[in-house]
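Working notes for the structure below.
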2 protein chains.
Amino acid sequence: MDVKTCCLAALLTGEATGYEIKKMFEEGPFAHFQSASFGSIYPSLTALRKAGMVSVSTATGEGRPDKKVYVITEAGRAELLEKLEITPGRDQIRSDFLFLMFFSELQAPDRIGDLIDQRRAYFDQALDDIARVEVESPAGPGRAFVRGFGKAIYTAALRYLSDNQKPLLDELTTNHGSRPDAGGGNGPDAEHDNKTTQAAE
Amino acid sequence: MDVKTCCLAALLTGEATGYEIKKMFEEGPFAHFQSASFGSIYPSLTALRKAGMVSVSTATGEGRPDKKVYVITEAGRAELLEKLEITPGRDQIRSDFLFLMFFSELQAPDRIGDLIDQRRAYFDQALDDIARVEVESPAGPGRAFVRGFGKAIYTAALRYLSDNQKPLLDELTTNHGSRPDAGGGNGPDAEHDNKTTQAAE
DNA sequence: CCATCATATATCGGATCGATACATTCACCC
DNA sequence: GGGTGAATGTATCGATCCGATATATGATGG
């Protein structure tokens with residue numbers, strides 16, 4: 001979902017500053033399935049204000065200068081409801097961890113073991129986060145459903161890692177010396193009799 | 001992982017054209033944890049060629065004009081190995097589906113039911129994809145580990161959806177008329193006694 | 001007494017996506 | 001025979017978005 005819509009969604013739970021919206025994507029209820037950076041949040045809020053989707057009130061407390069508190073308007077709420085009617089596309093997942101694991105054979109087994117340990121800690125943390133958010137904002141059935149989903153996924157991931165860490169490491173250490181050089185020699189389907197001309201440069 | 005590194009990774013399994021690399025991110029072994037578009041793949045390949053990481057051979061078959069087949073070089077292989085040493089960051093997940101489910105209360109229960117049905121079909125498809133890739137490219141322990149991980153996650157997701165679809169829909173239909181207007185009246189922690197000045201415009 | 005963290009706004013360059021244009025082959029159907 | 005559309009391919013453009021950074025202030029703490 002684009003950042004503007006995400007900002008509207010964040011503001012639906014109450015007024016907030018740009019900074020607070022960022023935190024909602026880092027630690028709050030959206031943390032595990034949406035994200036946005038300052039570089040997109042602030043421009044989005046400005047655009048939403050110009051479009052009348054949000055209103056701003058500048059809070060001048062003690063010392064701290066301008067602190068812009070954003071509130072969603074009726075138009076903004078209508079806009080969000082409209083966006084909720086889209087057909088959701090593919091989930092986008094980008095995991096450096098799985099990328100590294102994909103090439104386990106090219107790395108030292110110890111390194112692979114460390115990576116898995118780190119990832120298990122990471123998933124433990126994720127479960128703690130969900131539990132914490134669960135206490136902080138009880139909320140309705142939609143949120144509970146999403147939280148439950150996250151819990152199920154992370155629990156399964158954790159189980160998979162603990163079940164398969166040792167087997168993988170065993171396999172890597174036994175076949176260690178061989179180094180299969182990954183696609184050099186007998187590569188996949190070497191069938192193409194096109195005339196090829198080597199490019200210069 | 002940046003697109004350049006992803007291209008090198010794709011080429012490690014054998015030579016390929018830009019088009020084929022794209023397909024590897026859509027249907028191939030990387031499909032479920034990395035992605036890239038033409039708009040980033042082609043510039044990346046050009047940059048990699050200039051840096052000597054890949055070499056190009058233009059295949060002039062019958063009819064079809066220039067078809068640039070890319071091959072990873074030794075320098076490219078070294079570069080990839082270096083990139084494998086990074087510490088992996090957070091997995092990035094962006095799910096429109098969970099975003100929509102988060103706001104279940106604002107939508108018709110039938111619509112929610114449809115969304116869940118669609119997502120179950122989507123996860124079924126994902127499991128089929130993994131099974132298909134498993135047959136097409138047997139490969140080593142790293143790939144098997146990643147595939148197993150995906151299988152575990154999708155299976156858990158599927159189970160969660162089938163277990164919780166009906167309970168959610170029941171909850172939504174019973175509380176239907178109420179429409180909790182999400183954060184308007186008794187919003188979260190209304191404690192801030194800063195002087196606020198309403199912004200014009 | 002100064003480092004450093006948390007709060008807070010904002011911008012810039014670059015990475016990346018999504019859509020699109022273009023060109024050709026092949027399969028299919030009428 | 002001819003037309004339509006899918007698949008294969010390269011390539012670019014605008015819009016979006018991220019990551020790093022600059023700026024400023026108060027609180028915390030060694």
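So that the names make sense, note that chain A is the first sequence line, chain B the second, and so on, each numbered from 1. Predicted model only: the values in this text are computed from it and were never measured.
Atom NZ in B:Lys22 sits roughly 13 Å away from atom C1' in C:dT20 (whole-Å rounding). Separating the CD atom of B:Glu20 from the P atom of D:dA7 is a distance of 16 Å, rounded to the nearest angstrom. Taking atom CG of B:Asp96 as the reference point, atom C1' of C:dG18 lies 14 Å away to the nearest angstrom. At whole-Å resolution of the value, OH in A:Tyr19 and C1' in D:dT25 are 13 Å apart. Atom CD in A:Glu27 sits about 10 Å away from atom P in C:dA6, given to the nearest Å. Atom-to-atom, CD1 of B:Ile21 to P of C:dC17 comes out at 14 Å; the value is rounded to the nearest Å.
Between D:dT8 and B:Lys23, a contact under 4.0 Å exists linking OP1 or OP2 to a side-chain N or O. At the phosphate of C:dT9, OP1 or OP2 sits under 4.0 Å from a side-chain N or O atom of A:Thr17.
A cation-pi arrangement, defined by a distance under 6.0 Å to the six-membered ring centre and an angle within 45 degrees of its axis, is present between A:Arg119 and A:Tyr122.
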(message) I'd like to know whether B:Ile116 forms a side chain to side chain contact (heavy atoms under 4.5 Å, CB included) with B:Leu168, so could you lay out the CA-CA distance, the side-chain angles of the two residues, the decisive distance to 0.1 Å, and finally the verdict.
(response) CA-CA 10 Å; B:Ile116 297 178; B:Leu168 174 65; 4.1 Å; yes

(request) Apply salt bridge (charged side-chain N to carboxylate O under 4.0 Å, His left out) to the pair A:Arg132 and A:Asp129, showing each step before the final yes or no. (result) CA-CA 5 Å; A:Arg132 182 176 44 73; A:Asp129 286 349; 3.4 Å; yes

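In terms of heavy-atom proximity, B:Ile93 sits nearest to A:Tyr154 at CD1-OH, 4.4 Å. Considering all non-hydrogen atoms of both residues, A:Arg94 and B:Gln34 come closest at NE-OE1, 3.6 Å.
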(message) Please encode protein proximity along nucleotides 11-21 of chain D as a string of B, S and -, counting only heavy-atom distances under 4.0 Å.
(response) BBB---SBB--

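The closest side-chain donor-acceptor pair between B:Asp96 and A:Gln92, if any, does not fall under 3.5 angstrom.
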